[in-house]
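All of these numbers come straight from a predicted model, not from anything done at the bench. Proteins get letters first, then strands, A, B, ... in listed order; numbering begins at 1 in each.
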Amino acid sequence: MKIDYERELNPPQWEAVRHAEGPLLIVAGAGSGKTRVITYKVAYLIDSGRAHPAEILAVTFTNKAAREMRERVENLLGNLAAAPLICTFHSFGVRVLRRHAERLGFRRDFTIYDVDDQKRLLRRIQKDLGLSSSSLPVDRVRSVISRAKNQRWSPEDYLVGSHDFDAAILAEIFRRYQTELRRSGGMDFDDLILLTVELFQRFPDLAESYSRRYRFLLVDEYQDTNSLQCELLRLLTCAHRNITAVGDEDQAIYGFRGADVTNILRFEEQFPGARVIKLQQNYRSTANILEAASALVSHNENRREKRLWTEAGAGDLLTMFVAEDPAAEAEFVAREVGRFLEWGESGIAVLYRTNFQSRQFEEVFRRWSIPYRLVGGVSFYERKEVRDALAYLKVIRRPDDDISLLRIINEPSRGIGAATIQRLQEHVHDHGGSLWQAIQWAVEERTLGPRAVLSLKAFGELIEGLRTLSREAPAIALDEILKRSGYRAALEMEDTEEAGDRLLNLQELLTVASGFGPGDESWQEFLDQGSLHTELDEIDEHAAVTLMTLHNAKGLEFSVVFLVGLEDGLFPHARAIEDRAIEEERRLCYVGLTRAKKKLYLTYSRRRRLYGASAQGFSTPSRFLKELPRELLEVQGEFAFGRRTYDTPVELKAAALQSLESNRKGRPFSGNTLNTVADVKRALADRTENEQVVEKPARFRVGELVRHERFGVGQVLAVEPADEDDLKVTVRFLEAGVKRLLQRYARLQRA
DNA sequence: GAAGTGTTAAATCGC
DNA sequence: TTAACACTTC
């Protein structure tokens, strides 16, 4: 054998790797070499001659994980004549459905509709039903529909089984959504799994042939499977029982898309006689980090107790930093990052709960010339111009694809406005068929205004003319499309920086496309990768600092991790608090903590502008901070004022006084005492204790100084409308003894 | 009726 | 920062 497995793996790891036949569950704690074990297992199966590479199917949840696993296997074994199939659940579904979708009444060249397409369609439907998007947010509709589909509910089933307040409306939207989706011959992400399961259930022979073909099945991140994926795995093991699942229930963070932790907890029930091997030695983090993470997650009730241990030393304490506002938080992070970069450290990550938090960090990093890599956010394939270009390609292949057609019908503007489109849709609604057919009808019958007919005719001819291009390679077709549709010209005309970027992106897309030859399959592959792709990661691959959400960080490790925005409402997210889904948030926090190898920073901001509020609100430190053992934390640099932080209270006081002086505007003002370290610590330990109320209503302006009889001088930090006549005023008092943020409704005095 | 311009509100997580 | 919406101009 090429590899000395016994030397490279610890005893339980090696045991898991050599367990070739029969069901196996590897319960792997964070940093216990989970990915290593599963890749070594793939290698071992091949290396030992137990499996031909083509008999192995390894399923992951993200493209990134699949790609990495492929690379690792290749590193271990070198180039193989045949490669094992390593892909995501969704791309496996696509693979199967592209071959057999006809059996379910779909065309094989069905279109995959992603989130953006779904939203466009749903908005349209809601509009048709006369519902404003504000009363029923499209994201909520989408999640309801997705949940229903993952339960395999039809719109009618949903109506019966749901307790939602507006179930009837939701069911109707759901019904129309399904109809439209089917009519344009499309599948959404949920369908990719759902329909694969349906296919296998209706045609057991097919399931069996797949099961026979892939005699060894490996599943990564098993705790994140939903019931459909679980069913798919069951179907894929109908001809054998060689399934190896790796997972950690403490890292289950995809409940929101239907993942169900009980799948991993019941693995032995589903696959009787399964072996369970636990990996509990952590090779990643220092003892302090590991201890903090374990302490945190032990607050969860829904879990098996396990004991992670490490041979590593205690390492540094965790550093907690309290910033005055998000800008100061970002500056602190940038400063620390700068120090690590000087020391030559390169594995640094800034992890946050929600994508919008990335902006403040990007801004500071750019200002300080710190090269960073942003994962997620608006990715290449989500850009408008890229999606438009792909929509053109889809339409010239299959003009009946309504959703793609709608995207480009007036892009660039060609005189087909909302009213005309409305008419076309009415026609489709009354007479059936597709929009494309409705356009033909409008041109022939001339029932619309002459201008509209002219524009539609030109559009029809444009598409008709472009259709022959589908015989060429995608790159050639795309280039021609951009030319003839006037898309490129329109951007060139604009002559703005943004238009220039868009042109560059289209050029980039052409480069990607040029890797694909002519032919149906090649086109399909190109378009599918666009739909299933998440981010283009060759951009600044070697940047020392990575910015990403906690969800994106799963499975990765970094020497230094900054976990930022640790405020109640942000993390744990307000929605999770409302839904009483704190345990999943805590697991997410656990995932974040355990990404760090050597050094972990926890930061939060005392003020933050959220949800477009007109004023900055005050935040409460995340409840998770209180669940970490005090003795593992050091509080650092908490002296923040305005946008800056200061190393000592003396410096802080000087700066604050100066700022206050220049802002005084004739109001009474006297010297004051500022926060001390002890004050801040006490405030953190119990925030409510320090909250006070302003007794006298008055008029306030942000930034202005006020004086209170009892609490002394303070600065108005926010004034925001509350009820009709009321203003919510937030004041920070600077005198000793009272230092917290005071809130009170003050009567608005109208001018 | 379409296109261009200005304004305002909004924002979990992701295949 | 974006995207939907209202409003004006052609």
Side-chain angles (χ1 to χ4, degrees), chain A residues 59-66 87-94 112-116 118-120 123 127 132-134 137-140 142-143 146 150 187-193 221 224-226 228-229 252-259 351-360 362-363 375-379 381-384 410 412-423 448-452 455 490 494 498 528 531-535 548-554 565 569-579 581 584-585 587-588 591-592 608-614:
Chain A
V59 202
T60 64
F61 276 82
T62 64
N63 284 308
K64 197 168 56 191
C87 62
T88 64
F89 273 99
H90 290 86
S91 38
F92 179 75
V94 172
I112 301 168
Y113 291 131
D114 62 17
V115 177
D116 190 65
Q118 275 184 296
K119 282 190 183 176
R120 281 166 162 264
R123 281 204 194 94
K127 217 171 201 173
S132 71
S133 54
S134 54
V138 67
D139 280 319
R140 170 156 176 248
R142 214 169 52 81
S143 95
S146 175
N150 277 306
M187 299 185 188
D188 62 21
F189 282 144
D190 297 317
D191 286 331
L192 296 179
I193 313 288
E221 310 282 11
D224 288 331
T225 51
N226 65 27
L228 273 174
Q229 287 159 334
I253 56 175
Y254 284 101
F256 68 91
R257 61 173 201 217
L351 307 181
Y352 36 82
R353 175 65 174 83
T354 63
N355 268 311
F356 82 91
Q357 289 170 265
S358 69
R359 214 191 312 147
Q360 76 206 37
E362 282 188 85
E363 208 175 278
V375 178
V378 178
S379 77
Y381 281 99
E382 279 164 10
R383 308 194 99 91
K384 180 181 183 302
N410 202 31
S413 316
R414 49 170 71 93
I416 306 175
T420 304
I421 293 172
Q422 181 67 36
R423 295 277 166 73
L448 304 181
R451 265 193 312 178
S455 306
E494 245 184 78
E498 193 201 331
D528 281 353
S531 300
L532 295 175
H533 208 288
T534 38
E535 95 267 5
M548 63 178 134
T549 63
L550 286 155
H551 282 86
N552 263 318
K554 188 157 75 154
L570 193 55
F571 190 32
H573 196 274
R575 296 275 288 273
I577 298 172
E578 276 168 38
D579 298 347
E584 179 150 315
E585 296 282 302
R587 290 193 291 266
L588 191 57
V591 167
R608 189 179 296 273
R609 204 185 190 105
L610 270 183
Y611 307 116
S614 57

Rounded to whole Å, CD1 of A:Ile421 lies from P of B:dA3 at a distance of 9 Å
For A:Ala418, answer base if it contacts any base atom (sugar-phosphate contacts may also be present), sugar-phosphate if it contacts only those atoms, and nothing otherwise; contact means non-hydrogen atoms under 4.0 Å. sugar-phosphate
Among B:dG1, C:dC5, B:dC13, which nucleotide sits nearest the side chain of A:Thr354? B:dC13
Distance in angstrom units between A:Arg451 CZ and B:dA2 P, rounded: 7 Å
Among B:dG14, C:dA4, B:dC15, find the nucleotide with the atom closest to the side chain of A:His551. B:dG14
How is A:Asn410 classified with respect to the nucleic acid when contacts are heavy atoms under 4.0 Å: base, sugar-phosphate, or nothing? sugar-phosphate
A:Thr549 side-chain proximity, nearest of C:dA4, B:dG14, C:dC5: B:dG14
Count the heavy atoms belonging to other residues, nucleotides or ligands that lie under 6.0 Å from CZ of A:Arg142, then report whether that count exceeds 12. yes
Would you classify A:Arg414 as touching base, sugar-phosphate or nothing, given that sugar-phosphate means primed atoms plus P, OP1 and OP2, and contacts are heavy atoms under 4.0 Å? sugar-phosphate
Hey, does A:Phe61 reach any base, or is it just sugar-phosphate, or nothing, if we go heavy atoms under 4.0 Å? sugar-phosphate
How close or far is atom C1' of B:dT12 from atom CZ of A:Arg140, stated in whole angstroms? 16 Å
Ignoring the backbone of A:Arg142, work out which of B:dT12, B:dC15, B:dA11 is nearest its side chain. B:dC15
Nearest to side-chain heavy atoms of A:Ala419, which nucleotide of B:dA2, B:dC15, C:dT1: B:dA2
Given C:dT1, B:dC15, B:dG14, identify the nucleotide with an atom nearest to the side chain of A:Asn355. B:dG14
Could you state the OH-P distance from A:Tyr352 to B:dC13, rounded to the nearest angstrom? 10 Å
CG of A:Leu351 versus P of B:dT12: gap in Å, rounded? 20 Å
Take atom CD1 of A:Ile112 and atom C1' of B:dC15, then tell me their distance rounded to the nearest Å. 11 Å
Length of the line joining A:Asp116:CG and C:dA3:P, which is rounded to integer Å: 8 Å
Consider the side chain of A:Asn552, meaning its heavy atoms from C-beta on, and name the nucleotide among B:dG14, C:dT1, B:dG4 that approaches it most closely. B:dG14
From A:Asn552 CG over to A:Tyr352 OH, what is the distance, rounded to the nearest 0.5 angstrom? 8.0 Å
For B:dT12, is there a stacking contact with A:His573, counting only centres under 5.5 Å and planes under 30°? yes
Would you mind telling me which residue lines up with the more 5' stretch of DNA chain B, A:Glu584 or A:Thr420, judged by nearest nucleotide? A:Thr420
Which part of the nucleic acid, if any, lies within contact of A:Arg423, taking any heavy atom under 4.0 Å across all strands shown: a base, the sugar-phosphate backbone alone, or nothing? sugar-phosphate
How long is the gap from OG on A:Ser91 to CG on A:Asp528, to the nearest 0.5 Å? 9.5 Å
Do A:His551 and A:Phe256 have their ring centres less than 6.0 Å from each other? yes
Using whole Å, what does the distance between atom P of nucleotide C:dA4 and atom CG of A:Asp139 come to? 12 Å
Heavy atoms from C-beta onward define the side chain here; which of C:dC5, B:dA11, B:dC13 lies closest to that of A:Phe256? B:dC13
Of the options B:dA11, C:dC5, B:dC15, whose atoms approach the side-chain atoms of A:Lys127 most closely? C:dC5
Do the side chains of A:Glu584 and A:Arg587 get close enough for a salt bridge, i.e. N-O under 4.0 angstrom? yes
Can you check whether any acceptor in the base of B:dG14 is under 3.5 Å from a donor in the side chain of A:Arg353, or vice versa? no
Which of these, A:Thr60, A:Thr225, A:Leu228, A:Leu192, sits in a side chain to side chain contact (heavy atoms under 4.5 Å, CB included) with A:Phe89? A:Thr225
